[in-house]
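Some notes on the structure that comes next.
Positions are given from 1 along the sequence. Counting convention: from 1, in listed order, for ligands and their atoms alike.
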Amino acid sequence: MGKKENDPMTARVLSVAAIALWLVTVAVAVFFFVRGQTQVAPDGRTAVLLASDERNLVLTEMRGMLETVQVVVDGVKAGDMKQVAQAARASGVTAAADVNPALMAKLPLEFKQLGLSVHKRFDEIATAADSGASREQLLASLSTQLSDCVACHAGYRLDAVTPAAK
Ligand code: HEC
């Protein structure tokens, strides 16, 4: 009794300090979740800073999406809805869901949202093709889809950084 650490005042100060520290930790986590690991690039876009293998992974996925768009357009042209659905589904949400958390943390929130909405729309295009949508309807969705590709490319680029030596 009477020892300083049992003093209710000290206990209160300590718990307030603990809560304050916790809040700072949460705020920092939220900050990085929203901002990702980025800097403003000389061309005015936001550069997402990734390790070179992470950048390669994202770019490989991008080339996959371009291929999807090509096969979808070809399917619409030929009236082959099976081809449209299959190609679109290959770039859908489940096909893209294996991205690791360390990489996700480096992507800014808006980038993640745009990326997710593009994958979702490929699933919607697949479902539409399966359920008898017209070619005009499919082209309209594809056009909306391409606007999102364009919007993201206008705002972001991917720069490779070598991880700091430990
Ligand atoms: C969430 C943002 C985002 C979306 C959505 C997006 N991209 Fe990308 N894409 C990027 C970024 C960033 C790069 C790298 C550009 C750079 O560094 O200049 C890129 C690069 C690419 C590349 C070049 C790949 C390479 O090997 O260099 C292709 C092709 C591509 N995207 C296709 C697409 C297509 C097609 C869509 C839509 C179906 C799409 N992207 C949607 C962000 C996005």
Practice item. Taking both backbone and side-chain atoms into account, decide whether M65 has an N/O/S atom under 2.8 Å from atom 8 (Fe) of ligand 1. Key: no
**Study point:** L23 reachable from V13 in the ILVMFWY side-chain graph, under 4.5 Å edges
**Key:** no
Exercise for review: Compute the minimum heavy-atom distance from R45 to ligand 1 and say whether it is under 4.0 Å.
Suggested key: yes
Practice item. Going by heavy-atom distance to atom 12 (C) of ligand 1, choose the closest among L158, L116, N56, L146. Key: L158
Check your understanding: So between Q113, K112, R63, M62, whose heavy atom ends up nearest atom 25 (C) of ligand 1?
Key -> R63
Point to revise | NZ/NE/NH1/NH2 to OD/OE distance under 4.0 Å, K77 and D74 | key: yes
Exercise for review: Identify, for atom 1 (C) of ligand 1, the protein heavy atom at the shortest distance, and state residue, atom and that distance.
Suggested key: C152 SG, 2.7 Å
Check your understanding: Crowded around Q86 CD? As in, over 12 foreign heavy atoms under 6.0 Å?
Key -> no
Check your understanding: Closer than 2.8 Å to atom 8 (Fe) of ligand 1, do we get an N, O or S atom from H153, backbone or side chain?
Key -> yes
Check your understanding: Is L66 touching ligand 1 with its side chain, its backbone, both, or neither, if touching means heavy atoms under 4.0 Å apart?
Key -> both
Check your understanding: Below 4.0 angstrom, N of the basic side chain to O of the carboxylate: do D130 and R89 qualify?
Key -> yes
Point to revise | Nearest heavy-atom neighbours spanning R45 and H153 | key: NH1-O, 3.0 Å
Check your understanding: How far is atom 34 (C) of ligand 1 from its nearest protein heavy atom, and which residue and atom name does that atom have?
Key -> C149 SG, 3.6 Å
